[in-house]
Amino acid sequence: QWQLVESGGGLVQPGGFLRLSCAASGFTMQYYHVGWFRQAPGKAREAVSCIGSSDGPTYYADFAKGRFTISRDNDANMAFLQMNNLEPGDTGIYYCAVDYGPGYSDLLSSRCTLIDDYWGQGTQVTVSS
């Protein structure tokens, strides 16, 4: 059964850091693009970052550049999002998602929004003092 499970969320003070993990089961994540998305209360879901299949190119939303780093461990069937210097505006539910389909160019030009095949249940990130 296909499954994505996020973990690593929690409560952190401004300026702190978290490392989110996304564990895949039932399929080989290596062949899929992986994206991280977030949804703040009362706001639409937005793309944070994505990484192409195998060890493909990466994309970061402007707010994530310089603070967040996406990575993947294909042997472990996992992906990660390292988030540093967190701000209250980073609060929300963070989701991992995968997609087999688009090429690298389309993936990046879509700013990760083409990633839509499978989604995890999300992990809560709260940045507050």
Side-chain angles (χ1 to χ4, degrees):
Q1 182 176 353
W2 293 54
Q3 194 173 25
L4 291 171
V5 179
E6 301 96 333
S7 60
L11 173 64
V12 63
Q13 293 186 342
F17 63 91
L18 287 172
R19 187 186 192 218
L20 305 184
S21 298
C22 175
S25 59
F27 67 100
T28 303
M29 185 183 261
Q30 176 182 358
Y31 303 122
Y32 291 77
H33 308 311
V34 179
W36 285 96
F37 300 79
R38 71 183 187 184
Q39 187 165 21
K43 294 187 177 181
R45 188 170 60 200
E46 61 181 348
V48 177
S49 179
C50 59
I51 184 167
S53 58
S54 296
D55 195 17
T58 57
Y59 167 87
Y60 294 92
D62 287 345
F63 62 79
K65 291 177 182 176
R67 299 190 300 131
F68 295 0
T69 303
I70 192 171
S71 62
R72 61 193 304 159
D73 183 339
N74 292 324
D75 291 337
N77 226 27
M78 296 185 70
F80 307 95
L81 184 68
Q82 177 70 40
M83 304 189 296
N84 298 327
N85 193 20
L86 284 162
E87 304 168 351
D90 295 318
T91 294
I93 300 175
Y94 283 69
Y95 299 91
C96 171
V98 298
D99 203 287
Y100 187 82
Y104 289 157
S105 178
D106 288 341
L107 175 70
L108 298 180
S109 63
S110 80
R111 302 179 183 180
C112 313
T113 59
L114 291 180
I115 294 177
D116 197 30
D117 279 352
Y118 297 97
W119 291 81
Q121 83 292 344
T123 185
Q124 176 70 46
V125 171
T126 303
V127 185
S128 175
S129 55

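Please read all numbers here as calculations on a predicted model, not as lab measurements. Positions are given from 1, in the same order as the sequence printed here.
Taking the centre of each ring, W119 and F37 come in below the 6.0 Å mark. Ring centers of Y32 and Y100: under 6.0 Å apart, within the cut-off.
No side-chain donor-acceptor contact under 3.5 Å links D99 to the backbone of H33. With E6 contributing its side chain and Q121 its backbone, the two residues share a donor-acceptor pair below 3.5 Å. Side chain of Y94 to backbone of G8: no donor-acceptor contact under 3.5 angstrom is found.
Side-chain atoms of I70 and Q82, non-hydrogen and from C-beta on, never get closer than 4.5 Å to each other. For the pair T69/M83, no side-chain contact is recorded, criterion being any heavy-atom separation below 4.5 Å from C-beta on. Proximity of P14 to P88: side-chain heavy atoms (C-beta onward) are separated by under 4.5 Å at one or more points. Taking 4.5 Å as the limit, some side-chain heavy atom of S21 sits within range of a side-chain heavy atom of M78. Between C50 and I115 there is a side-chain heavy-atom pair separated by less than 4.5 Å. For the pair F63 and R38, the minimum side-chain heavy-atom distance is below 4.5 Å. The shortest side-chain heavy-atom distance between R45 and I93 does not fall under the 4.5 Å cut-off.
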Practice task
Test side-chain contact (heavy atoms from CB on, under 4.5 Å) on R72 and S54 and set out the steps.
Solution key: CA-CA 9 Å; R72 61 193 304 159; S54 296; over 6 Å; no
Exercise for the section: Under the side-chain contact (heavy atoms from CB on, under 4.5 Å) rule, what do L81 and V48 come out as? Steps first, then yes or no, please. Expected result: CA-CA 9 Å; L81 184 68; V48 177; 4.1 Å; yes
Practice task
Would you sort out whether N77 and Q30 count as a side-chain contact (heavy atoms from CB on, under 4.5 Å), showing the intermediate values?
Solution key: CA-CA 7 Å; N77 226 27; Q30 176 182 358; 5.7 Å; no
Practice task
Quick one: do V34 and C96 satisfy side-chain contact (heavy atoms from CB on, under 4.5 Å)? Show the steps, please.
Solution key: CA-CA 7 Å; V34 179; C96 171; 4.0 Å; yes
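M29 CE to I51 CD1: the interatomic distance, rounded to the nearest 0.5 Å, is 10.5 Å. T126 OG1 to L18 CG: the interatomic distance, rounded to the nearest 0.5 Å, is 9.5 Å. Q3 contributes atom CD, which lies 4.5 Å from atom OG of S25 (distance to the nearest 0.5 angstrom). One finds the OH atom of Y104 at 11.5 Å from the OG1 atom of T58 (value rounded to the nearest 0.5 Å). Here the OG atom belonging to S128 is positioned 12.5 Å from the CG atom belonging to D90, to the nearest 0.5 angstrom. For the atom pair CD (E46) and CH2 (W36), the distance works out to 15.0 Å, reported to the nearest 0.5 Å.
R111 CZ: 12 or fewer foreign heavy atoms inside a 6.0 Å radius.
Of all non-hydrogen atoms in A61 and Y59, the two that sit nearest each other are N-CE2, 3.6 Å. Closest approach of T123 and G9 over heavy atoms only: OG1-N, 3.2 Å. Taking both residues in full, the closest heavy atoms of S110 and L107 are given as OG-O, 2.9 Å, listed atom of the first, atom of the second, then distance.
Under the 4.5 Å side-chain contact rule for hydrophobic residues, Y60 and L86 share a cluster. Residues L20 and F68 are members of one and the same hydrophobic cluster, defined by side-chain heavy-atom contacts under 4.5 angstrom among Ile, Leu, Val, Met, Phe, Trp and Tyr. Both Y31 and Y118 belong to a common hydrophobic cluster when Ile, Leu, Val, Met, Phe, Trp and Tyr are linked at side-chain heavy-atom distances under 4.5 angstrom.
Between the side chains of N85 and E87, no donor-acceptor pair of N or O atoms lies under 3.5 Å.
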